[in-house]
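Notes to accompany the following structure.
Worth saying up front: this structure is predicted, and the values here are computed from it rather than measured. Just so you know, these numbers use all the heavy atoms, side chains as well, and skip hydrogens, waters and symmetry mates.
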Amino acid sequence: MTHTGNPFGQVLVALVTPMTADGEVDWAAVEKHMDDVITAGADGIVVTGTTGETSTLTDPEKLKLVEIGKSVAAGRAKIITGGGSNETAHAIELYKASEKAGADGIMIVTPYYNKPTQAGILTHFRLVADATDLPVILYDIPGRTGVPIMYETILRLAKHPNILAIKDAKGDFSEVSRVLNQTDLMYFSGDDANALPHMAIGATGLIGVTANVAAAPYRVMVDAVNRGDLAAATAAHQSLEPLVRAVMTHVPGTVSAKYILHGLGRISSPRVRLPLVGPEEWEAALIEDELALVTGVAGADFSNFRPDRNAAAGGALPKVHGTTR
């Protein structure tokens, strides 16, 4: 299939998956949260990604998230399905099913745990991209997968007609510039603190965790970059800095984002599925100290912030475990 332009959007939210106190997906809260971030300026949502707790979601839950996303977005935002699998055969079937469920694109993470060679990584991505007509974002996050997608592998993958973009969580700006100079790939920042620096050297946009809490400033930042207004983009970046630190520094982003969203009254429970657990007392205190420094961030009014450390404590065991088969 020929893909023209940018089929993903620019302000993409790495969506949390709201859950009930017993760890089941809270489907009503999912719909509300999707609508909230789209209304705030997101033009893309990545469901079932790292932040969405993909490794503990079942395949039916993943597909339902795509279906609900398409319904809620109603053309206002693209729905990208993330995650995948470290088993190539499973990843192929999951992405084919996601395409049938209505996904607008797929984001394929490097196979984790297996630690494949670059030849294995190349084959994995190619076979998955061959199996769908959807546009593909490669997800390069060696801190979680154990192996990077090397520069030479990225160049070879860029020749695939369905592989159009890469989400970068390595923070190697010289490599970003090198790939942008030598391929037509779109780059998406996968590091909330570096969204503006990435865009300053040519990235298309961001796939952000902090945007769950405040998508509007990222919309301001991207729009400012698009019109060449560095001062406005920098102002948005600076205002977000303490919020980004609160979300991304002390505990996994999923945990802190849910803790903050619950404290703002935007989701019904901050629960995560094991082996993730809510912040310990000292971690919650650090998050709250950072939030006290947040001012002037659209959509993030902390004057009525009511954190609930007890509700966030521990993690949940769902009734049905995620499985690769």
Side-chain angles (χ1 to χ4, degrees), residues 13-26 29-30 32-33 36-37 40 49-56 141 143-144 169 171 189-196 206-218 221 235-318:
V13 178
L15 201 80
V16 299
T17 304
M19 295 175 182
T20 62
D22 60 358
E24 298 306 310
V25 177
D26 185 340
V30 167
K32 179 182 179 298
H33 186 49
D36 283 349
V37 298
T50 304
T51 307
E53 299 177 70
T54 185
S55 57
T56 52
I141 183 166
R144 287 185 179 273
S189 176
D191 179 356
D192 287 11
N194 285 322
L196 179 57
L206 61 112
I207 301 174
V209 181
T210 307
N212 279 282
V213 180
Y218 287 104
M221 183 191 299
H237 167 82
Q238 291 174 336
S239 71
L240 280 164
E241 189 271 332
L243 181 59
V244 170
R245 199 165 60 243
V247 173
M248 302 303 295
T249 304
H250 307 294
V251 293
T254 303
V255 174
S256 51
K258 283 189 169 183
Y259 183 69
I260 294 168
L261 288 167
H262 181 251
L264 290 170
R266 288 166 51 185
I267 60 175
S268 61
S269 169
R271 184 67 72 210
V272 290
R273 286 179 176 175
L274 286 162
L276 293 181
V277 295
E280 296 188 48
E281 287 286 320
W282 64 274
E283 293 167 330
L286 290 172
I287 293 169
E288 291 161 25
D289 287 345
E290 309 284 18
L291 295 178
L293 302 175
V294 178
T295 58
V297 174
D301 180 4
F302 289 98
S303 60
N304 291 313
F305 182 61
R306 299 291 184 269
D308 189 336
R309 298 181 185 181
N310 289 330
L317 281 173

Quiz prompt | Verdict with supporting geometry, Val213 and Leu243, side chain to side chain contact (heavy atoms under 4.5 Å, CB included) | solution = CA-CA 9 Å; Val213 180; Leu243 181 59; 4.2 Å; yes

Are any non-hydrogen side-chain atoms of [X] and [Y] less than 4.5 angstrom apart?
| X | Y | answer |
| --- | --- | --- |
| Pro18 | Lys258 | no |
| Ile267 | Asp26 | no |
| Tyr218 | Val13 | no |
| Asp192 | Leu206 | no |
| Val294 | Pro242 | yes |
| Pro279 | Val255 | yes |

Self-check item: Sidechain N-carboxylate O distance under 4.0 Å for Arg245, Glu290
Solution: yes

Quiz item: Side chain of Ser256, backbone of Val247: donor and acceptor closer than 3.5 Å?
Solution: yes

From [X] atom [atom1] to [Y] atom [atom2], the distance as rounded to the nearest 0.5 Å:
| X | Y | atom1 | atom2 | value |
| --- | --- | --- | --- | --- |
| Leu264 | Ser303 | CG | OG | 9.5 Å |
| Thr254 | Arg273 | OG1 | CZ | 12.5 Å |
| Lys32 | Asp36 | NZ | CG | 4.0 Å |
| Met221 | Leu196 | CE | CG | 5.5 Å |
| Ile260 | Leu291 | CD1 | CG | 4.5 Å |
| Arg271 | Tyr259 | CZ | OH | 13.0 Å |

Minimum-distance pair of heavy atoms, taken over all atoms of [X] and [Y]:
| X | Y | value |
| --- | --- | --- |
| Ala316 | Ala21 | CB-O, 4.5 Å |
| Ala14 | Asn212 | O-ND2, 2.8 Å |
| Ala257 | Val16 | CB-CG1, 3.9 Å |
| Val209 | Gly253 | CG1-O, 3.8 Å |
| Phe302 | Ala300 | CD1-O, 3.3 Å |
| Thr56 | Pro275 | CG2-CD, 4.4 Å |

